[in-house]
Amino acid sequence: MKRYDPRAIEKKWQKEWSDSKIYEALDNDAKPKYYALSFFPYPSGIGLHIGHTRNFTITDVVARYKRMQGHNVLQPMGWDSFGLPGENYAIKTGISPQITTKQNTDNFREQCKKLGLSIDWSREFGSTDSDYYKWTQWFFLLLLERGLAYQQESPQWWCDVCKTVLANEQVVNGCCWRHEDTPVSKKVLKQWFFKITDYADDLVAGLDGLDWPEGIKLMQRNWIGKSKGAKLSFAVAEKDRTIEVFTTRPDTLFGATYIVLAPTHPLVAEITSEAQKKDVEKYVEKAARKNEIELQEAAAKKKTGVFTGAYALNPINNERIPIWIADYVLMGYGTGAIMAVPAHDERDFEFANQYSIPIIEVVSSTTPHHGGCYSGEGIMINSGKYDGLSSAEAREQIVADLVKKKIGEEQVNYKLRDWLISRQRYWGAPIPIIHCPIDGAVAVPKKDLPLELPVMDDFQPSGDGQSPLARAKDWVETKCPTCGGPARRETDTMDGFACSSWYFLRFADPYNTEAPFSKEKAAYWLPVDLYVGGAEHAVMHLLYARMWTKVMHDAGLINFDEPFKALRNQGMLLAADGQKISKSKGNDIKPEEIIEQGYGADALRLIVLFLAPFDMSTPWSNEGLAGVFRFLQRVWTLTQRYIESENNETNSESEGALMSATHGAIKKVSRDLEVMSFNTAIAALMQFCNELYVVEKEQGFKDKKTWKFALKSMAQLLAPFAPHIAEELWAELAEKGSIHIAPWPMHNEAYLVKHTIKIAIQVNGKLRGEIEIAADSEQSVIEEEAKLNKNVADYLSSDIRKVIYVKDKLLNFVV
RNA sequence: GGGUGAGUGGCGGAAUUGGUAUACGCGACGGACUUAAAAUCCGUUGCCGCAAGGCUUGAGGGUUCGAGUCCCUCCUUGCCCACCA
C-alpha cells in the first residue's frame with residue numbers, strides 16, 4: 001500500500017497546476033466573477049511567517065470553494081516592496097534595495113507556492129516595478145490636476161547625529177532608533193500632501209454599505225472624527241484681534257471662564273503682556289521640546305499652563321475672561337484654541353482648579369454626578385434669556401443668535417488630517433515634479449512617465465534633510481517642462497501607502513501600457529469581493545485605498561466608489577506558550593520548516609484553520625499539527641484500502657450508513673464554508689472520516705459503488721482545505737480532470753431523514769430521561785411513552801400543569 | 001480615561017442563535033498488534049459518587065416551562081485609541 005508522502009505529492013501537483021494554468025483567471029468569462037484578495041504583503045528578508053500563512057490560507061480556501069461552485073475566480077498576488085526596511089538594510093550593508101527586493105520576492109513567491117495557493121501568478125507584480133509605479137506617479141498627477149495634492153511646510157522628526165529625518169517608527173522613546181541617547185527634534189520641511197479631508201464626509205458615509213467588521217468601521221469613523229459644533233469669535237480686549245475657537249458645546253458659552261491657546265498658536269506672542277512675557281516664552285520653549293511620548297504622559301499627570309496677561313471678551317455677554325496657554329490644547333485640532341468651561345468639561349475643570357479660575361455652572365442636571373463637573377445634557381441656568389431651555393435647544397439658539405451677529409458659524413470639524421506623502425527617502429516611487437525657479441512646481445509630463453528611480457550605490461542620508469536622491473546629480477538636474485530653463489527634480493519619494501492604494505485595480509489588467517487599467521476589466525473584476533488581512537491596517541491603508549477609489553470614481557475611471565465589498569480580519573496566531581510571537585523571544589513558527597519536516601502544506605493549512613475560528617487569536621499547537629496530519633493519513637489509508645479491496649458491487653447494509661454520513665458531511669461543510677467557519681468544517685470532515693472507519697470495520701468495503709461516492713465526496717470536501725491530497729486521491733479514484741474545477745457536491749435531504757428519533761424528556765426544564773421513538777409520532781404518544789420512563793415518573797408525582805413539546809427535540813413537563 | 005472583543009473540561013475549542021452543554025482535535029488512561037519500542041487500530045475520559053443519582057459554562061441577581069445564549073451588577077483578561085475642545 002502506498003504511504004501518504006506529502007513531500008512527493010505536493011511538489012507534483014504544484015507543478016501540474018502551474019503547467020495546466022488552472023488558476024489563471026479569464027477576463028471574459030460568462031461565469032459569475034469572484035475576486036478574493038489578501039493584503040498586499042511586504043516581502044521582508046525573513047520570508048513568510050505564520051501570520052501570512054493564516055492570512056493566505058483563509059483567502060485561498062474561499063477562492064477554491066467559490067471556484068468549485070462555478071465562479072470565475074481571481075486570486076492574485078503581488079508585493080508591496082518599497083519601504084524603509086529595504087533602505088535601512090541598504091544603509092547598513094551597502095547592498096542596493098533593487099537586489100534585496102528581487103531576492104526577497106523570489107523567496108516569498110517560492111514559499112507561497114509551497115503552500116499550494118490557487119493564485120493566478122500570471123498577474124504578479126511588485127510596487128517597485130517601474131511598469132507599476134509609472135501609474136502610481138500618474139495618479140499623483142491626477143490628484144494634482146484635481147486640486148487634491150499640494151505643498152506645505154510641516155515639521156518632521158529629526159536626528160542631529162544622523163542628520164536625517166526620521167519616520168515615526170524610527171523614534172523610540174523620544175530618541176533616534178540608531179542613537180538611543182539622542183533626543184529627536186522637529187525640523188520644518190516643505191512636504192507634499194493629499195487632500196483626503198475633502199473626502200472626509202464620503203469616507204464616513206461609504207462605511208454604511210460595507211460588509212466589514214463593525215469594529216473596523218468604528219475605528220475609521222473615530223479616526224475621521226467628525227464632530228458638529230460651532231466656530232465662535234472671541235475679541236481680544238484692547239487689541240484689534242479675535243481668537244477663533246471650535247466647540248461642540250456652544251450651549252455652555254455662559255460658563256466659559258477662560259480661553260486656552262495651544263503653545264504654538266500664532267497669536268501667543270502678539271497678545272502676551274510685558275509682565276507675562278518671560279513666563280510665556282519659557283513655557284512655549286519647554287512645550288516645543290516635549291516629544292509626543294511626554295505629551296501623552298502629560299495627559300495622565302497634572303495639567304500645566306501659563307497666563308498671557310491678556311483678556312478676551314465673551315461674545316454672548318461681553319465678560320472679560322483671561323487668556324491662558326496650555327499644552328492640553330493642540331494646535332493640530334480645531335483652531336488650536338478653546339473656550340474653557342470648567343463646570344462642564346473635565347479637562348477644563350482640572351485646569352481651573354489647578355490655577356484657581358472661577359467655575360460657573362450653566363447646565364443643571366437631575367441625575368447626581370460626582371467630581372464637580374458635569375458634561376452631559378440638562379436644563380440651562382445662569383445663561384440669561386436662555387435659562388430654562390434644554391441644553392440641546394440652547395445650543396441651536398445661541399449659535400443662531402451669534403450667526404446673526406456674524407461672530408459665530410456652524411461648523412463641522414474633523415480629526416482627520418491631510419495625508420502627508422513626502423518621504424525624504426530613496427526607496428520609494430519618485431514624486432513626478434520638477435521645481436523651476438521661474439514656473440515653480442511643475443508636473444512631469446505624463447508622456448515622460450515612469451520617472452525611474454536612479455540606480456545609486458550610496459544610500460546614506462544626505463545630512464541636510466534631503467533624500468539620498470538629492471545626490472544623484474545627473475538625475476536631479478533637468479529642464480523645466482514649461483519654460484525649458486534649468487530646473488531641479490523633486491527628490492522626495494512617495495509614501496508606500498500610495499502604492500498600496502490602487503494595486504487591487506492593477507490586478508484586473510496588469511500588463512496595460514496605455515492606462516493603469518482598462519475601464520472594462522476594472523468594471524468586470526472590481527470591487528474586491530473578499531479582502532482578508534490583519535487588523536493592524538484597519539485605519540490607514542483601508543482609508544487611503546478608499547479615498548483613491550473615490551477620486552478615481554469622480555474622475556470617471558471606474559464605476560464604483562468602494563474598493564472592498566467584504567473585509568475580514570484574521571486573528572493573531574500566538575506562540576504555543578500564549579505569548580506574542582517575536583524573533584527576539586525565539587518562539588516563532590516557521591511555515592517552511594513545518595512543510596519540509598514532512599507534515600506538508602496540507603497539514604499546515606488544516607491546523608491554522610482548525611485551531612480556532614479564523615478571526616480569533618489563539619496559541620499555536622505542535623500536537624494539533626500532529627493531529628490533523630493523523631487525520632489526513634486516515635483519509636489516505638482508507639482510500640488506499642478501498643482501492644486495493646476486492647471488487648464487490650452488491651448492495652449491502654452499509655449503503656444507508658454511508659449515504660447519510662456522506663450527505664450529512666456535504667451539508668455541514670458547505671454551510672460552514674458559507675460563513676467561513678473553517679474550524680467546524682474541518683471537525684465535520686474528521687467526524688465523517690470516523691464514521692467511514694466504523695462502517696469499514698463493521699461491513700468492509702461491500703457495495704463499492706456507494707463507497708466510491710463517499711470517498712470521492714470526502715476528497716471534494718477536503719479540496720479547498722488540503723488541495724494536494726485531495727487532488728491525489730481524486731486521481732487515485734480514477735476521476736478525470738482536476739478536482740479543483742470539478743463541481744462542488746450537493747447534498748440530498750432524503751438521505752438525512754431519520755426513522756427513529758431521540759427525544760429529551762425534561763421535568764421543569766431539567767433533563768430527566770430520553771426516549772427513542774418513531775419520527776413524526778404524535779405528541780400524546782410521546783407523552784405516554786415518556787411517563788413510562790422510571791426516572792421521569794419519579795418526578796411526576798404532583799399534578800402536571802403544562803406540557804411543552806419542541807418537535808423532534810424535547811418534551812418538558814411543568815409540575 | 002475612552003472604545004471594543006473574550007471568559008465553557010487538564011488544553012485548543014463546539015453548541016443548528018432561547019431547547020439534550022462539553023462536537024472535533026490534543027493530552028491522559030486501558031486494551032490489541034510487537035521480542036520490545038514507535039507507528040497504527042479499538043475503547044474510556046467534565047466534576048462528585050461503588051452505585052442509583054446529583055452538580056457544572058468567571059461571580060451574583062433577574063426574565064422564562066427552559067439561559068452558555070436575553071437583561072442588570074460586579075470581577076478577570078486580550079486588542080485598539082488616547083488631553084479631539
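In the text below, chain A, chain B and the rest are named by the order of the sequence lines, each starting its count at 1.
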So, OP1 or OP2 of [N]: does either fall under 4.0 Å of a side-chain N or O from [X]?
X	N	answer
A/Arg3	B/rU40	no
A/Arg634	B/rG25	no
A/Asn690	B/rG25	yes

From [options], pick the nucleotide closest to the side chain of [X]?
X	options	result
A/Glu770	B/rU20, B/rU56, B/rG12	B/rU20
A/Thr618	B/rG13, B/rG3, B/rA85	B/rG13
A/Thr247	B/rA85, B/rC42, B/rU20	B/rA85
A/Tyr693	B/rC65, B/rC24, B/rC41	B/rC41
A/Arg630	B/rA21, B/rG19, B/rU40	B/rU40
A/Gln687	B/rA23, B/rU56, B/rG53	B/rA23
A/Lys809	B/rC80, B/rC65, B/rU16	B/rU16
A/Asn679	B/rC42, B/rU40, B/rA14	B/rA14
A/Ser227	B/rC24, B/rG13, B/rA85	B/rA85
A/Leu330	B/rA23, B/rC42, B/rA85	B/rA85

Determine the interatomic distance between [atom1] on [N] and the same-named atom on [M]; round to the nearest Å.
N	M	atom1	value
B/rA67	B/rU63	P	11 Å
B/rU17	B/rC33	C1'	47 Å
B/rU22	B/rU73	C1'	28 Å
B/rC11	B/rG61	C1'	32 Å
B/rA38	B/rG49	C1'	38 Å
B/rG54	B/rG60	C1'	23 Å
B/rG66	B/rG19	P	15 Å
B/rG7	B/rG68	P	14 Å

A/Tyr328 six-ring face occupied by A/Lys303 cation (under 6.0 Å, within 45°): yes
Which part of the nucleic acid does [X] contact within heavy-atom distance under 4.0 Å: base, sugar-phosphate only, or nothing?
X	value
A/Arg417	nothing
A/Lys697	sugar-phosphate
A/Asn413	nothing
A/Leu810	base
A/Val260	nothing
A/Ile761	nothing

Within the 6.0 Å centroid threshold, strictly below: A/Phe351 and A/Tyr258: yes
A/Phe497-A/Trp419 aromatic ring centre distance below 6.0 Å: no
Glycosidic conformation of B/rU17, taking syn as within 90° of 0 and anti otherwise: syn
Glycosidic conformation of B/rG9, taking syn as within 90° of 0 and anti otherwise: syn
Modelled atom types, side-chain donor and acceptor of A/Asn413 and A/Ser227, under 3.5 Å: no
Watson-Crick/G-U partner (both atom distances under 3.5 Å) of [N]:
N	value
B/rG43	B/rC29
B/rU17	none
B/rC83	none
B/rU63	none
B/rU22	none
B/rG53	B/rC48
B/rG7	B/rC75

Distance, rounded to the nearest Å, where A/Arg605 contributes CZ and B/rG25 contributes C1': 19 Å
Whole-Å distance separating the CE atom of A/Met686 from the C1' atom of B/rA14: 13 Å
Heavy-atom neighbours of A/Glu674 CD exceed 12 at 6.0 Å: yes
Check: B/rC83 base within 3.5 Å donor-acceptor of A/Lys303 side chain: yes
Presence of donor-acceptor pair under 3.5 Å, side chain of A/Asn222 and base of B/rC80: no
Note: A/Asp211-A/Arg568 ion pair, threshold 4.0 Å (strictly below): yes
Presence of salt bridge, A/Arg54 and A/Asp615, under 4.0 angstrom: no
From CD1 (A/Ile666) to CZ (A/Phe688), nearest 0.5 Å: 7.0 Å
